[in-house]
Amino acid sequence: MPDSKTDPKILVTAALPYANGPIHIGHLVEYVQTDIWVRFQKLMGRRAIFICADDTHGTAIMIRAKNEGISEAELIAAMQQNHLRDFRGFDIEFDYYGSTNSSENYELCCQVWAALRQSGLIVQREVSQLFDPVAGTFLADRFVKGTCPNCNALDQYGDNCDKCNATYSPTDLINPRSTLSDGIPEVRSAMHLFVELEKMHEFLNEWTQTGDHLQTEVANYLKGHFLQKPLRDWDVSRPSPYFGFEIPDSPGNYWYVWFDAPIGYIGSTHAWCKQHGEELSDWWKSESTEVHHFIGKDITYFHTLFWPGMLKAAGFTLPKQVHIHGFLTVGGEKMSKSKGTLVKAETYLDHLDPSFLRYFYASKLSASIDDIDLDINEFVAKVNSDLVGKLVNLASRTARFIEDVGLAPVYPHDGGLFKAAAAAGQSIADAYQANDYARAMRIIMGLADDANGFVENAAPWTLKKDPSQASKLQDVCTICLNLFRQLSVYLAPVLPRIAKQCGELLNDPIVHWDQSQSPLLNNSVNKFQHMLQRVKIEDVQKMIESGQENTPAEEIAATPVSLSDVAPTLIDSGDALIAEPLAETCSIEDFIKIDLRVARVLAAEHVPEAKKLLKLTLSLGGEDKRTVFAGIKAAYEPEKLVGRLVLMVANLAPRQMKFGLSEGMVAAAGAGGVEVYLLSPDSGAVPGHRVH
RNA sequence: GGCGAAGUAGCUCAGUUGGUUAGAGCAACGGCUUCAUAAGCCGUGGGUCGCUGGUUCAAGUCCAGUCUUCGCUACCA
């Protein structure tokens, strides 16, 4: 009977996926990484639980539900089913998968909130924030530029000055401008609640810089970025309307989604506890619990400063470690929808075996926060060569020789192979524990090489031809299958399906790491069945193409039945609109002020020092030529632009940029970066035509 | 701009506290084998360890500088 008060317990979380979209292969880096770690802990016989949930609150969910004509509750319920199905498909095995929109989570939020109040960390104040009347939104500091009030440097951001390092409020800027619309922001005020994080500065300094809670590069990042100056107050409330939990002692205000999302780790644990007759305090207020968070580097700030601060203030168990990973790139580039490389979990599963991706990720993951790259050729080579050629082949080439007689009763002489591989178990385990799966895979595949070399020398196929060698044949195959089983144990965290198949082949389920330390004898051997198909590069290409061809309408058809059931009229996703809400209504007079013209690209060139800009020369016909700097470098090759027609804002006031004077603006849609799509007129339009 | 990280064979990467002719896998090439999912085994070729300088008996490994690449740059979810 385990004593939950004193036994060491390991609580593992992965970041909560946002209920605003499906899981894709980028997300899966983290869930696979975490799942491997948890499975490893369990295989070692440790008490570990894997807790996760959907992150369900916030403006984006609210707007999406509205656009789809369904309630938020319906939206997030459908999305959770979608997520759970994808995770199951990849053998991600949660002990509990909840929702931040649960009664348990609300209860915990209230607890944490009360503690923050009690510690005197919450302050309330009117926030005078710049509001962009053109874009119809409040402006974050980075979206306001103007003249530094301290040194009068031009073109400085709303929070601090590059030139003199002064920090100030965006409302202090001289001649502020919205970078969204170039409109003149106006000051509006609203009541907000803040956590005074600076009061925890000393604690956070110590927690982040000592005790191995973080990778060193992360600790350095925090030190260099945040901890050298006072920590800003954290704005944790949003005024109505907002989809979330209303703050009990502040009616009309809601907790900002980033407040209740991490508390979802605890809320979800609470729900699990109720199911299993456990006490929440044994897990989240206990010296004997190790809390491990796995996250991507994009949310470092929240998990390494706000979150430990909140936990500390509320008296919960602090994380033992926050394990931070990098992003996934495909073919060395950021994943992109238009290139088809932003592959949804569901699309992947339509074409390929989940074990491939689990193994591939494992072979690339280390404790570093560097990005990992999925190169299609490497993926195919690795899976076929390592998994099929080396690993599965061991069983495939020997099992059928001893289907009749089974494993030998005594472990034969194998030249020390099994013993050596058993000894390697410790370094493999160490590598798993340290998140260095790549190292673990290297060691394991080295052992598989040795095993295949043994088969080659022992040549069971020759022994088989001589009936007097039957016992020798049984010995050789017993050795080989035991080496295979040993590797299957080592790989069980990564490849649970192979472990299961190995257990079935040899009539002995793999349940514990220690099974790698002693051979299995005297068991019958079942008829060998293929364990993994080889992967064909055409299948991978088909997967990419099918993602690429997905028009928005098809995309909906590919989303779960439950979602299309509740929103049958859905055609396009609301993502784009959510990302950038509609601007304020404008009059026809306002619109007429903007003179849009068709223009031809006469020349296009790179600006060597600019990260994002291309220098374009545009013709409006006749002698009227304009130089325009456009932020489309990531999306377009200059050569391919020359000659084509574009739309330009022809009467925009010229703007002095670092690299020269820009005399207009080219019209384009998309989120920015690689996702930029220039607009073109239908054929017939000529340079100089005005757009009405 | 600031900060963080990386630059080692064609590709992906190992190289512990500085110590013999710098390693692995994949790819290439040559041979062997046929039990196995055209899998396996043996062997060969290929690197002035980004560049420059320094410390040292000794540097891929430490120090300084420099170049290149990538990522992050907070009230975004």
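Sequence lines set the chain letters: A, B, ... in the order given, protein chains first and strands last, and positions in each chain run from 1. The structure displayed is predicted, hence computed values, not measured ones.
Between His325(A) and Phe294(A), the gap from one ring centroid to the other reaches at least 6.0 Å.
Judged purely by distance below 3.5 Å, without hydrogens or angles, the side chains of Trp307(A) and His293(A) pair a donor atom with an acceptor atom.
Residue contacts for Asp298(A): at a heavy-atom cut-off of 4.0 Å it reaches a base atom on one of the strands shown. Contact annotation for Tyr221(A): backbone-only contact, meaning every heavy-atom pair under 4.0 Å involves sugar-phosphate atoms and none involves a base.
Heavy-atom neighbours of Glu403(A) CD from other residues, nucleotides or ligands within 6.0 Å: above the threshold of 12.
Atom-to-atom, OH of Tyr359(A) to C1' of U12(B) comes out at 12 Å; the value is rounded to the nearest Å.
Nucleotides C13(B) and C57(B) place their C1' atoms 33 Å apart, quoted to the nearest Å. For the P atoms, the distance linking G31(B) with C49(B) amounts to 34 Å, nearest Å.
The pair Glu196(A)-Lys199(A) counts as a salt bridge, with a side-chain nitrogen and a carboxylate oxygen less than 4.0 angstrom apart.
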Inset, instruction - Spell out protein contact along nucleotides 34-41 of chain B as letters: B when the base is contacted, S when just the sugar-phosphate is, - when no protein heavy atom is under 4.0 Å; keep the 5' to 3' order. - result: SBBB-SBS
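Within the structure, salt bridge (Lys or Arg N to Asp or Glu O under 4.0 Å) pairs that include any residue of residues 375-388 of chain A comprise Lys364(A)-Glu378(A), Glu378(A)-Lys382(A), Asp386(A)-Lys390(A) (at least two apart or interchain).
Residues meeting the salt bridge (Lys or Arg N to Asp or Glu O under 4.0 Å) test with Arg238(A), sequence neighbours left out: Asp235(A). With sequence neighbours left out, Gln533(A) forms a side chain to side chain contact (heavy atoms under 4.5 Å, CB included) with His530(A). Applying the salt bridge (Lys or Arg N to Asp or Glu O under 4.0 Å) rule to Arg497(A) yields the partners Asp91(A); only residues at least two apart in sequence or on another chain are considered.
RNA chain B contains the following stems of three or more consecutive Watson-Crick or G-U pairs, with both distances under 3.5 Å: B:1-7 with B:67-73, B:10-13 with B:23-26, B:28-32 with B:40-44, B:50-54 with B:62-66.
Of all nucleotides listed (C72(B), C26(B), G15(B)), G15(B) comes nearest to the side chain of Arg439(A).
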